[in-house]
Amino acid sequence: MAEHPGSAGSRTPVNHPSAAPDVGLFVTCLVDLMRPAIGFATVKLLQDAGCQVSVPAAQTCCGQPAYNSGDRKNTRAIAQQVIATFEAFEYVVVPSGSCGGMISHHYPSLFAADDPWKQRAEALADKTFELTVFLADIIKSSHIKAVYKSTATYHDSCSGLRELEIKDQPRDLMSAVVGLEVIEGEQAEVCCGFGGLFCVKYPDISESMLDQKIADIVATGAQLVTGGDLGCLMNIAGRLSRRGVATEVRHVAEVLVGMTDLPAIGAPEQVEN
Amino acid sequence: MEQTTETFTANARRAMANETLQVELARLSQGFPQRRQQAADRMPEFEALRDQARDIKNHVLANLDLYLEAYEAKVIAMGGQVHWARNAEEARAHILKICKSVDAKTVTKSKSMIGEEIAINDYLEKNGIAPIETDLGEYIIQLRNEPPSHIIAPAIHVSKAQVEADFRRVHTDLPIDRNLDDPTSLLQEARGQLRDKFLQADVGLTGANMLVAETGSNVLVTNEGNADLTYALPRVHIVIASLEKIVPTLEDATTILRVLARSATGQDMSVYTSFCTGPKRPGDPDGPEQYHVVLLDNGRTELLGSEFEEVLRCIRCSACMNHCPVYKAIGGHAYGWVYPGPIGAVLTPALMGIDGAADLPHASTLCGKCESVCPVRIPLPKLLRSWRTRHFEMQPARSPGHLALAAWAWIARKPALYHKVNGLIIAMLGAFGRKKGRLKWLPLAAGWTSKRDFPAPMGDTFIQQYHHGARGDASGQWLRRQQP
């Protein structure tokens with residue numbers, strides 16, 4: 001993936017996080033609006049790992065809807081806002097591979113070489129990490145203490161897998177969760193048919209892709225589907241619910257903190273006891 | 001070939017309702033990717049070879065004028081002729097003129113995507129010359145009067161039973177008890193029919209997997225040997241190729257051959273790999289008397305130096321479509337022109353214009369699987385996105401797409417307002433849906449809710465809760481319990 005040097009392994013500050021890394025959390029618009037619990041789980045994971053976490057209130061969206069619709073002008077404007085809001089942190093952590101990839105992989109390509117924003121975009125790109133990459137590759141300390149009695153299958157979301165090379169990190173982290181058994185889906189790396197606006201612009205094609213994904217999930221026999229991107233998870237959960245399949249869906253951050261007392265994505269509210 | 005890119009959505013819907021097609025697509029997208037992976041695993045230097053193949057093609061594209069001139073001089077030195085064609089019309093005219101000069105009645109033809117691009121079969125027929133496809137897949141779709149739906153497996157959309165029915169319909173001398181229910185017997189039947197036609201043809205028309213500047217040769221890769229009978233038996237061999245097929249040397253050609261079959265079918269090498277250089281020389285026991293190359297531009301030189309130049313590296317292996325979940329869902333015909341799959345979604349707008357083909361670059365999740373398997377590392381998602389940008393910038397500023405994005409971007413840049421407004425919407429959606437956990441219908445979101453439920457938001461946004469304290473919903477309770 002050509003334009004930006006640096007998969008997770010080659011970035012500069014990687015090997016020497018400070019004693020209490022100063023982390024800015026970019027929570028993503030979907031997590032903010034749809035499922036704040038993922039944000040809280042992320043904060044807990046980062047704090048447990050010894051990070052100083054800040055959540056700037058001036059954050060909204062990373063700009064992907066504009067970027068993938070071909071609207072470069074608005075994408076740049078939003079990118080500038082994100083850069084200005086987050087560039088002071090030692091690290092920026094994002095509980096999403098696609099939004100993380102947007103910042104660390106695509107932002108630098110938005111600005112011309114002689115634009116001062118280019119350098120700022122590159123600097124931010126170099127210190128922005130998807131959550132599981134940050135925990136497994138940067139912080140590297142084993143601090144997962146959760147209990148989650150279930151069988152889970154992990155869906156590799158496309159941007160995370162292919163732009164950020166996220167594969168082992170979430171699995172390594174989940175292996176520390178007590179009681180959790182991970183069952184690999186044969187098609188774990190195949191797209192679920194979300195694709196941002198794709199899924200509403202081409203609902204029929206998306207449905208066909210999604211049903212393949214669901215067949216693969218069901219074939220694992222796992223009780224839970226998890227993954228690192230809420231967009232994909234909402235897509236999968238919405239179809240499971242429409243088809244009356246009982247498999248639960250949760251973001252990997254929820255699994256890693258053992259957040260079982262919340263209804264799963266798209267599931268009805270539980271009765272409090 | 002007739003362009004139907006404008007009705008992409010309807011094409012796709014039809015394809016997804018076609019059960020035979022769906023069975024064949026499922027088979028294809030299992031088999032080819034598995035075999036490619038096995039081939040790559042057998043070869044430790046496969047990734048390095050992909051880099052080399054990419055570099056060779058980049059070098060050629062940066063020096064295309066020099067290599068084309070060198071190639072032409074070499075073809076002429078070997079006794080052949082080169083005919084330059086700016087567009088499809090000129091290419092067709094060259095071919096017809098050569099055919100007429102030898103009073104050709106039939107032309108045998110081995111698979112050529114450029115042949116499809118210039119619709120040569122229809123043109124020859126209109127001019128009283130019978131084109132005969134000799135690749136089994138092409139032979140089948142010629143009988144069915146259909147365009148190919150895949151680059152290396154043109155009849156992938158046709159089931160074995162349909163082929164048998166077509167053969168019985170057209171080969172009227174077939175005894176009713178003749179067994180035709182396995183691929184080998186179908187192949188034998190087609191071969192039997194084609195044998196005489198190979199011998200009778202006046203002209204053999206082939207494509208080219210590569211053109212070698214060093215030797216003036218064209219390279220042909222097949223698994224059936226039909227290309228060899230096509231160019232070796234008739235008096236005249238015409239090669240039709242687009243000009244980016246040039247490679248500098250035989251060494252470069254073999255580097256590309258090493259990634260081509262592995263990426264395409266997972267074979268280490270295809271069954272037949274032939275290098276044709278000029279016509280028969282004095283003393284040669286066989287070969288054509290005339291050797292012609294028709295070199296087609298058809299818009300490609302305009303891509304040089306543009307953001308789309310990298311698409312010209314393509315060696316037509318089909319790995320991108322074999323691995324594409326969208327292709328798997330809708331097959332090749334839905335893409336509406338000669339080249340299907342991710343490569344078609346980039347190339348078709350480049351050659352035919354983005355106006356009538358805007359769906360192609362949009363109908364992708366940009367999942368990136370295509371780029372990850374491309375033997376010459378074409379950044380297909382990036383190029384698809386570039387087409388989206390090009391198309392977006394062509395729309396009037398007051399188009400609904402522009403206005404919606406502008407409104408969204410405006411509020412996304414006013415965080416305080418953004419959080420206030422979205423907070424209200426989310427509170428409302430949460431109140432409606434939280435109990436059941438999902439909404440079956442949402443205003444303005446039919447694209448989503450026609451196929452899936454909408455998982456209900458929890459009710460409070462993260463930013464609001466984090467900065468103003470939880471309001472006592474489920475996530476807030478969870479938060480309070482976690483804190484000392």
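The structure displayed is predicted, hence computed values, not measured ones. Values below: every heavy atom of this structure, side chains too, minus hydrogens, waters and symmetry copies. Reminder, nothing fancy here: chain letters follow the sequence lines and each chain counts from 1.
Under the 4.5 Å side-chain criterion, counting only non-hydrogen atoms from C-beta, B:Ile330 is not in contact with A:Tyr202. Annotation: side chain of B:Phe454 is in contact with side chain of A:Met234 (closest heavy-atom distance under 4.5 Å). Using a 4.5 Å heavy-atom threshold, the side chains of A:Cys199 and B:Trp448 count as touching. Side chains of A:Pro263 and B:Arg434 form no contact here, defined as non-hydrogen atoms less than 4.5 Å apart. Between B:Gln465 and A:Phe40, the closest side-chain pair of non-hydrogen atoms falls below 4.5 Å. Between A:Met34 and B:Met458, every side-chain heavy-atom pair lies at or beyond the 4.5 Å cut-off. Side-chain atoms of B:Pro457 and A:Leu33, non-hydrogen and from C-beta on, never get closer than 4.5 Å to each other. B:Val326 places a side-chain heavy atom less than 4.5 Å from the side chain of A:Phe198.
Between B:Lys435 and A:Glu269 there is no salt bridge, since no side-chain nitrogen of the basic residue lies less than 4.0 Å from a carboxylate oxygen of the acidic one.
B:His467 places a side-chain N or O within 3.5 Å of a backbone atom of A:Val55 that can act as its donor or acceptor partner. Judged by distance alone, the side chain of A:Thr60 and the main-chain N or O of B:Ala412 form a donor-acceptor pair under 3.5 Å. Under the 3.5 Å distance criterion, the side-chain polar atoms of B:Arg388 are matched with a main-chain donor or acceptor of A:Asn68. Looking only at distances, a side-chain donor or acceptor of B:His419 sits under 3.5 Å from a matching main-chain atom of A:Ala57. The main-chain N or O of B:Phe462 is found under 3.5 Å from a side-chain atom of A:Asp32 such that the two form a donor-acceptor pair. Remark: the backbone N or O of B:Ala329 is not paired with any side-chain donor or acceptor of A:Gln212 at under 3.5 angstrom. Looking at B:Arg452, its side chain never comes within 3.5 Å of a backbone N or O of A:Arg239 through a donor-acceptor pair.
Taking chain A as the reference chain and counting heavy-atom pairs below 4.5 Å, the highest number among B:Asn422, B:Thr365, B:Leu366 is found for B:Thr365. For the options A:Ile78, A:Ile236, A:Thr75, heavy-atom pairs under 4.5 Å to chain B are most numerous at A:Ile78. If you tally non-hydrogen atom pairs under 4.5 Å between each of A:Gly195, A:Cys158, A:Gly238 and chain B, the highest count goes to A:Gly238. With chain B as the partner, the residue from A:Cys192, A:Ala77, A:Ala237 showing the most heavy-atom pairs under 4.5 Å is A:Ala77. Of the residues considered (B:Asp359, B:Leu384, B:Thr389, B:Asp453), B:Asp453 shows the highest number of contacts with chain A, using heavy-atom pairs under 4.5 Å. Here A:Gly70 is the residue among A:Ser98, A:Gly70, A:Pro56, A:Ser159 with the most heavy-atom pairs under 4.5 Å with chain B. The most heavy-atom pairs under 4.5 Å with chain B, out of A:Asn235, A:Val27, A:Val190, come from A:Asn235. Highest contact tally toward chain A, considering only B:Gly430, B:Pro325, B:Ala406, B:Ala15, is held by B:Pro325 [criterion: heavy-atom pairs under 4.5 Å]. With respect to chain A, the highest number of heavy-atom pairs below 4.5 Å among B:Ala26, B:Ser386, B:Ala409 belongs to B:Ala409.
Both the backbone and the side chain of B:Lys440 come within contact range of chain A, judged by heavy atoms closer than 4.5 Å. With a 4.5 angstrom heavy-atom cutoff, A:Leu25 touches chain B only via side-chain atoms. Heavy-atom distances place no part of A:Asp211 under 4.5 Å from chain B, backbone and side chain included. When heavy atoms are compared at a cutoff of 4.5 Å, A:Val82 does not approach chain B at all. Both the backbone and the side chain of A:Gln59 come within less than 4.5 Å of a heavy atom in chain B. Heavy atoms of B:Trp387 lying under 4.5 Å from chain A are absent altogether. In this structure, chain A has heavy atoms under 4.5 Å from both the backbone and the side chain of B:Arg413. For B:Ser450, the parts lying near chain A are the backbone and the side chain together; criterion is any non-hydrogen pair under 4.5 Å. Only the side chain of A:Leu210 comes within less than 4.5 Å of a heavy atom of chain B; its backbone N, CA, C and O stay farther away. Heavy atoms of A:Ser69 lying under 4.5 Å from chain B belong to its backbone as well as its side chain. Looking at B:Ile426, the atoms closer than 4.5 Å to chain A (heavy atoms on both sides) all sit in the side chain, from C-beta outward. At a 4.5 Å heavy-atom cutoff, the contact between A:Cys29 and chain B is made by backbone and side-chain atoms alike.
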* To do: Apply salt bridge (Lys or Arg N to Asp or Glu O under 4.0 Å) to the pair B:Lys451 and A:Asp204, showing each step before the final yes or no.
  => CA-CA 8 Å; B:Lys451 306 297 178 190; A:Asp204 299 313; 2.9 Å; yes
* Derivation and outcome, side chain to side chain contact (heavy atoms under 4.5 Å, CB included), residues A:Arg162 and B:Cys367 -> CA-CA 8 Å; A:Arg162 298 193 187 89; B:Cys367 83; 4.1 Å; yes
* To do: For side chain to side chain contact (heavy atoms under 4.5 Å, CB included), just list the numbers for B:Arg385 and A:His106, CA-CA rounded to whole Å, side-chain angles, deciding distance to a tenth of an Å, and then say yes or no.
  => CA-CA 12 Å; B:Arg385 217 183 254 117; A:His106 296 284; 3.4 Å; yes
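Pairing each heavy atom of A:Ala66 with each of B:Trp408, the nearest pair is CB-CZ3, 3.8 Å. The nearest pair of heavy atoms linking A:Ser241 to B:Arg438 is OG-CD, 2.8 Å.
For the atom pair NZ of A:Lys201 and OG1 of B:Thr9, the computed distance is 11.0 Å after rounding to the nearest 0.5 Å.
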